[in-house]
Amino acid sequence: MAKAKMHLGLDLSYSHMGGRWRMPGAWEHASFPDVGTYEELARIAERGLLDFIFSGDGTGVPVTWRGERDAAVEWGINWPRQDLNPIFVAMSRVTKHIGYGLTYSSTFMHPYYTARLLNSLDHVTNGRIAMNLVASTRQSDAENFGFEGLMEHASRYERMEEFIDVCNQLWASVEADAMVWDRASGRVGVPSKIHDVDHNGRFFKVKGPLNTPPSPQGKPVIVQAGGSPRGIRAAAKVVDHAFAADKALDLQVQQRHAFDEVLTAIGRDPSKVGILWQTPITIGKTEAEALARREKLLTLVPLEAVGAYLSHNCGYDFSRLPNRFSLKALNEEIIATQASPVGFVHELIHSFGESAEMTPAEFFEHGRRNATGYEQTIAGDAQQLADILEEKFEATGSRGGFMLGHTVEMPADLIGITELLVPELQRRGRFRTEYRGRTLRENLAEE
Ligand SMILES: Cc1cc2nc3c(=O)[nH]c(=O)nc-3n(C[C@H](O)[C@H](O)[C@H](O)COP(=O)(O)O)c2cc1C
């Protein structure tokens with residue numbers, strides 16, 4: 001029997017941040033967001049037959065650490081960022097098959113605008129667009145959009161479910177064969193194939209239909225990365241494929257089971273919904289080469305940059321840690337801020353136990369390894385990486401695949417993925433040897 005094939009995305013979000021831009025060979029003759037550099041990455045990724053390129057997003061300049069943005073600006077921590085939408089359009093014009101995944105927040109965006117924008121992007125990319133919907137866990141993002149604080153965690157996910165429900169109604173409001181463009185008669189569209197939308201919900205009041213021609217995929221591929229029980233429930237409702245965080249394999253197996261249960265409970269077939277696991281990697285011709293590259297991660301930014309990164313992502317100012325504290329009490333304080341309950345401190349609890357206590361020095365020692373990606377980055381040659389990916393893939397149900405990313409050095413790591421890792425996975429029957437689908441949705445559906 002043929003082995004189940006993996007799907008591979010490439011996460012470009014951090015290739016210019018957290019000091020990675022100063023690795024040898026990275027961003028050498030241009031600085032972010034140079035479009036030519038991105039176009040070149042797209043060409044290389046398509047040579048490797050990857051499913052799609054992805055970027056996460058967030059708007060806020062991190063201010064949680066010490067209540068100020070200086071460390072984030074000085075060391076490039078989650079800053080600067082761009083809306084990558086026009087850059088992905090440029091990348092799509094120099095490629096034919098590879099897809100593009102953009103991130104938008106259902107907490108801050110409006111569904112009418114978003115549905116219309118994604119329709120246009122699906123046209124321009126010829127059916128290669130995906131949307132990663134995020135509920136947004138960061139205080140400074142919320143303030144960009146006029147919120148005093150973060151909306152309560154559960155409400156953010158209720159809003160997300162309503163948001164995508166409205167988008168789906170809008171995308172369905174123009175049937176696939178609604179356009180005529182008949183030169184002889186002059187008829188443009190078929191009125192009976194355009195449908196009203198009249199949504200009046202808790203968060204949104206929206207009248208449709210969309211005023212756009214139907215797009216090649218009808219709607220973008222939807223992905224979402226909720227990791228908490230509420231986030232996973234929302235993912236089960238809204239996604240074509242889920243994203244999930246890189247964490248210990250037993251936690252990933254647990255998350256796959258939890259996700260399958262929820263999918264089954266709402267009548268979806270879990271065998272058809274993959275999870276793409278975030279997987280930071282660095283690859284070398286030899287293990288030693290890859291290990292040496294990973295080692296550099298620890299030297300790229302100073303400790304205050306680590307503090308800015310962790311504080312921003314956890315929604316808690318770690319510069320105020322007392323001399324000794326319990327991890328459990330700390331995570332409870334984080335949860336009370338309405339940030340995510342399953343972030344870095346939750347992972348520390350998983351490693352050290354609920355009753356563990358720490359000093360700030362110990363916390364930042366672990367923090368440095370986490371914030372730089374050192375701890376999470378799998379370093380090795382193609383065989384070693386393929387072994388690890390196969391083990392994870394099988395343990396988590398052989399559905400979906402991996403979002404390779406947070407690579408240490410771009411484009412060297414991407415070239416390593418396409419020239420070393422992909423051939424090794426193909427040799428094992430685990431990865432495509434050509435693009436078969438016409439759209440991103442079709443490519444992601446291949447088994
Ligand atoms: C692969 C991956 C990509 C993510 N991308 C973003 C992003 O671009 N912006 C963002 O605000 N959150 C992002 N997140 C965070 C998730 O959307 C989610 O908030 C997080 O996993 C915590 O789960 P929870 O919201 O259920 O508590 C990402 C998470 C993962 C695993």
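Here the structure is a predicted model, which is why all the values come from computation and not from measurement. Order of appearance sets the numbers: ligands from 1, and atoms from 1 within every ligand. Residue indices begin at 1 and follow the sequence shown.
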| task | Out of Ala154, Ser340, Ser105, Ala244, indicate the one that has the non-hydrogen atom closest to atom 27 (O) of ligand 1. | result | Ser340
| field | Main-chain N/O of His97 paired with Glu46 side-chain donor or acceptor, under 3.5 Å | value | yes
| field | Check: His110 ring centroid to Phe204 ring centroid under 6.0 Å | value | yes
| note | Counting from 1 in the order shown, the ligand 1 atoms closer than 4.0 Å to a non-hydrogen atom of Gly231 are 26 (O)
| message | With heavy-atom distances below 4.0 Å as the criterion, list the atoms of ligand 1 near Arg138. | response | 10 (C), 11 (O)
| request: Could you tell me if the ring centre of Tyr38 sits under 6.0 Å from that of Trp27? | output: yes
| field | Criterion salt bridge (Lys or Arg N to Asp or Glu O under 4.0 Å) on Asp240 and Arg441, from CA distance to verdict | value | CA-CA 9 Å; Asp240 293 296; Arg441 173 169 284 108; 3.3 Å; yes
| request: Find all atoms of ligand 1 within a distance of less than 4.0 Å from any non-hydrogen atom belonging to Gly226, and give their numbers and elements. | output: 23 (O), 26 (O)
| Can you tell me if Arg230 has a non-hydrogen atom under 4.0 Å from ligand 1? | no
| field | Polar side-chain atom of Gln224 near backbone of Ala242 as donor-acceptor pair, under 3.5 Å | value | no
| note | If you compare Leu133, Asn313, Asn132 by their heavy atoms, the one closest to atom 5 (N) of ligand 1 turns out to be Asn132
| For atom 26 (O) of ligand 1, what's the nearest protein heavy atom and its distance? | Ser228 OG, 2.6 Å
| said: Show the atoms of ligand 1 that are less than 4.0 angstrom away from any heavy atom in Thr137. | reply: 19 (O)
| For atom 25 (O) of ligand 1, which candidate among Tyr157, Tyr104, Phe54 holds the nearest heavy atom? | Tyr157
| query | Is a side-chain donor or acceptor of Arg268 paired with a backbone partner of Ala236 at a separation under 3.5 angstrom? | reply | yes
| field | For Ala245, the ligand 1 atoms whose distance to one of its heavy atoms is below 4.0 Å | value | 31 (C)
| query | Is atom 15 (C) of ligand 1 close to the protein, meaning a heavy atom under 4.0 Å from it? | reply | no
| request: Validate the cation-pi geometry between Arg294 and Tyr374: distance from NZ or CZ to the six-membered ring centre under 6.0 Å, angle to the ring axis within 45°. | output: yes
| query | Can we call the ring centroids of Tyr100 and Phe52 under 6.0 Å apart? | reply | no
| field | N/O donor-acceptor pair under 3.5 Å between Arg20 side chain and Thr372 backbone | value | yes
| task | Examine Gln224 against ligand 1 and note whether any of their N/O atoms are separated by less than 3.5 Å. | result | no
| request: Please report which non-hydrogen protein atom sits nearest to atom 9 (N) of ligand 1, along with the residue it belongs to and the distance in Å to one decimal place. | output: Asp57 O, 2.8 Å
| field | Atoms in ligand 1 with a heavy atom of Gly56 nearer than 4.0 Å | value | 8 (O)
| task | Starting from atom 23 (O) of ligand 1, locate the nearest protein heavy atom and write down its residue, its atom name and how far away it is, to 0.1 Å. | result | Gly227 N, 2.9 Å
| field | Atoms of ligand 1, numbered as shown, that sit under 4.0 Å from any heavy atom of Pro341 | value | 27 (O)
| Within the distance-only criterion (no hydrogens, no angle test), does the side chain of Glu347 pair as donor or acceptor with the backbone N or O of Lys247 below 3.5 angstrom? | no
| note | atom 20 (C) of ligand 1: closest protein heavy atom, distance to 0.1 Å, is Ala225 O, 3.8 Å
| message | Are Phe147 and Phe108 an aromatic pair, judged by ring center distance below 6.0 Å? | response | yes
| Heavy atom of the protein closest to atom 6 (C) of ligand 1 (residue, atom name, distance) | Val134 CG1, 3.7 Å
